[in-house]
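Report on one structure; see the data block that follows.
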Protein chains: 2
Amino acid sequence: MATIVEVARMAGVSTSTVSHVLNGTRPVRPATRKRVAAAIEKTGYRQDAVARAMRRSRTDSIGLVVSDAGEPAFAEMVHGVEHAAAARGLTLVLANSAEDPEREERAVSTLLARRVDGLILAHCADSGRAVSTRLDADDARPVVLLDRVFDGSPHDQVGADNRETMRRLVTHLRGAGHRRFLLVAGDQRVPTLAERRQGFRDAIPDAELGEQTIVDSVDTASVRADVVAALRTGGATCVIACSTPLAVVGLECLRDAGIATPEQIAFAAFDGFSHSDLFRPTITTVRQPAFEMGEAAVSLLMDRIATPEASPRTLRLNQRLELRESTEDYRFREAESAPIA
Amino acid sequence: MATIVEVARMAGVSTSTVSHVLNGTRPVRPATRKRVAAAIEKTGYRQDAVARAMRRSRTDSIGLVVSDAGEPAFAEMVHGVEHAAAARGLTLVLANSAEDPEREERAVSTLLARRVDGLILAHCADSGRAVSTRLDADDARPVVLLDRVFDGSPHDQVGADNRETMRRLVTHLRGAGHRRFLLVAGDQRVPTLAERRQGFRDAIPDAELGEQTIVDSVDTASVRADVVAALRTGGATCVIACSTPLAVVGLECLRDAGIATPEQIAFAAFDGFSHSDLFRPTITTVRQPAFEMGEAAVSLLMDRIATPEASPRTLRLNQRLELRESTEDYRFREAESAPIA
DNA sequence: CTGTTAGCGCGTTCAG
DNA sequence: CTGAACGCGCTAACAG
């Protein structure tokens, strides 16, 4: 690659003039500008982002650390972040923590060393606040927390209205006659999951709270065992899974136990599955605005860089409740299909 | 952040010694090394990747351009690339072309300007070879083509054995009695899709080739129209969709036309849907080893960087044929369920 | 074994 | 309006 020096020489100007032409940072006589442009064209010159970053101490890049790049919801967030970043002329440096706090820490460290202008973080489950606070101590790069949002966090955050949507979902299901639920709540160290569980409690009257079954074990095997046990004990007319992985376990348990949805039990899931409408049973789903959350995170990050002193904001994007046949009122269905008495 | 100068001063050594301690690039007396380590610890110093890249003219980063970051198959490739990169101490710079050649070109340009050590590219449909050749001309950075693989490409490539697996699939279906297919083949400018179509031809005897219906329109609306028309004309006993988006269209058409799978028509899809086993109909699927393809791409890239002169390799990873009820032998089923004559 | 020094390619003063 | 010179933080020659 040609450097700025060659362009300058070819155009018969100094390097500084080339730089100013490139960046529009001071007036340049049209004639010289033309010559510079021609030289750039001819040499195929392009600014060296590394040297530029060095000099300006800005990289025009942002770092994103997600906890599971394979999971579709996170993939959509990545997609959204990339989209918003590219639109602003920023490049995206991506790292995956694979739900491992140590890898998360390394990833953050690497990104900081690369001098990204800002950081977007989807914390892994048990990262604690170590990373988050280390960020402040080290050198204060702007940070936005994504999806996994903490009360009283010193950072900007963007999450979903998990608690409210769960409340809405449960209220709807109660309206359809359900009184006893099996909530597959998952790892309560994950804020998202804790919020959803809280929303569940919000929607259940105190008197009935004792009758609800909540599975909050962490590893898949335990979840499976607990769900199987809960299904055997019986009582629940509706299963609510708080994430896609949990829904997978839940549906597997139902299938293996030969329990049909929605005929024998209702089922709803957060995050859910793609193309739910094409397959049976179609699953009632709370859909995250994952792409938009990614975009919003970039937006918050840019605002923060522009005004470092503003007080931190937490954005909650609305989730969509997609009602499908897996939660159709089973009493109603029974009544209809039963022979006329 | 502290710089190397402060560390050197605090340890009472020169910056070069600090550098050599950090990089293990020449022997340092244990005593001084200790002092340096202590100084690093106290200052919280960390190497500046930007300055380092400047000096070494290596960024320890690789660029990845995908054509659709939202699609699960690509998300898995991204995941695989990230994984393999991180394992080698490389960071990943991600860009998305959204199937737009212009954005693809910009992305490549940006990554080159950032001086990534190498580039992994999942070309978008109509990128032509412009980008690919420009890469050679500009400054020869190593490039690996991912998923969308070209015959006689000058670059290393990693794809899947699309042609062979399609042949296997069709052979299996013919064994189950199917003679007339509706192949939803998609945009033939995408090598992956062209290969799959070729595999289809391989498996059909010349005499029967004329009876097959192949839909290779490009935009969704046309595909839908063509599929609907083909279904109406009838004749096909089996639909094969060559990608997830095409499968979506296909299944929607079947649903809207009230045609049941597998009772009335068999169905198979490439790439397919996640958690296919949990929903009905369970779809016979050709699964791409997307994650592994991502890993392999990094591997090829590193090999290329190590030995620039080696002749380019094309890796074809095996796809998995997952047979499910959507292609169960429908004649057999009919015979079974029909009343005994 | 260690220190000195010269750039990597650019943006930005400060003079003209 | 333009050019000369400096330095961002680091590594690699070269010298000791």
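Every chain is numbered from 1, with letters handed out A, B, ... down the list of sequences.
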For B:H20, enumerate each residue passing the ring-ring contact (aromatic ring centres under 6.0 Å, His included) test, keeping only those at least two apart in sequence or located in another chain.
none

Once salt bridge (Lys or Arg N to Asp or Glu O under 4.0 Å) is applied, do any residues pair with B:E102, and if so which ones, sequence neighbours excluded?
B:R106

Extract, from 5' to 3' on DNA chain C, the first and final nucleotides lying under 4.0 angstrom from some heavy atom of chain B.
C:dC1 to C:dG9

Judged by each residue's nearest nucleotide on DNA chain C, which is more toward the 5′ side, B:T32 or B:M54?
B:T32

Can you list the residues that meet the ring-ring contact (aromatic ring centres under 6.0 Å, His included) rule with B:Y45, with sequence neighbours excluded?
none

Hey, are the side chains of A:R148 and A:S67 touching, using non-hydrogen atoms and a 4.5 Å cut-off?
yes

For B:D60, give me all partners under salt bridge (Lys or Arg N to Asp or Glu O under 4.0 Å), at least two apart in sequence or on another chain.
B:R56, B:R58

List for me each residue that meets salt bridge (Lys or Arg N to Asp or Glu O under 4.0 Å) alongside A:E309, sequence neighbours excluded, and say none if there are none.
none

Side-chain heavy atoms of A:V50 within contact of B:V50, under 4.5 Å
yes

Need the bend value for the helix from C:dC1-D:dG16 to C:dG16-D:dC1: angle between end axes, 5 pairs each end, nearest 10°.
40°

Give every residue pair that meets the ring-ring contact (aromatic ring centres under 6.0 Å, His included) criterion with at least one member in residues 79-102 of chain B, sequence neighbours excluded.
B:H79-B:F291, B:H83-B:F291

Quick one: label A:V28 by what it contacts on the DNA or RNA (base, sugar-phosphate, nothing), any heavy atom closer than 4.0 Å.
sugar-phosphate

Non-neighbouring partners of A:R115 that pass salt bridge (Lys or Arg N to Asp or Glu O under 4.0 Å), sequence neighbours left out
B:D48

At less than 4.0 Å, is any side-chain N or O atom of A:T17 found next to OP1 or OP2 of D:dG3? Yes or no.
yes

Check residues 298-305 of chain B and write down every donor-acceptor pair under 3.5 Å in which the side-chain atom is one partner and the other belongs to a residue at least two apart or another chain.
unit_1: B:D303; atom_1: OD2; unit_2: B:R313; atom_2: NH2; d: 2.7
unit_1: B:R304; atom_1: NE; unit_2: B:D156; atom_2: OD2; d: 2.6
unit_1: B:R304; atom_1: NH1; unit_2: B:P308; atom_2: O; d: 2.9
unit_1: B:R304; atom_1: NH1; unit_2: B:A310; atom_2: O; d: 2.6
unit_1: B:R304; atom_1: NH2; unit_2: B:D156; atom_2: OD1; d: 3.1
unit_1: B:R304; atom_1: NH2; unit_2: B:D156; atom_2: OD2; d: 3.1
unit_1: B:R304; atom_1: NH2; unit_2: B:A310; atom_2: O; d: 3.2

Who passes ring-ring contact (aromatic ring centres under 6.0 Å, His included) against B:F74, sequence neighbours left out?
none

Residue mapping more 5' on DNA chain C - nearest nucleotide basis, A:T3 or B:R33:
B:R33

Footprint string (nucleotides 11-16 of chain D, 5' to 3'): B base within contact, S backbone only, - free, heavy atoms under 4.0 Å:
BB-B--

Quick one: label A:R115 by what it contacts on the DNA or RNA (base, sugar-phosphate, nothing), any heavy atom closer than 4.0 Å.
sugar-phosphate

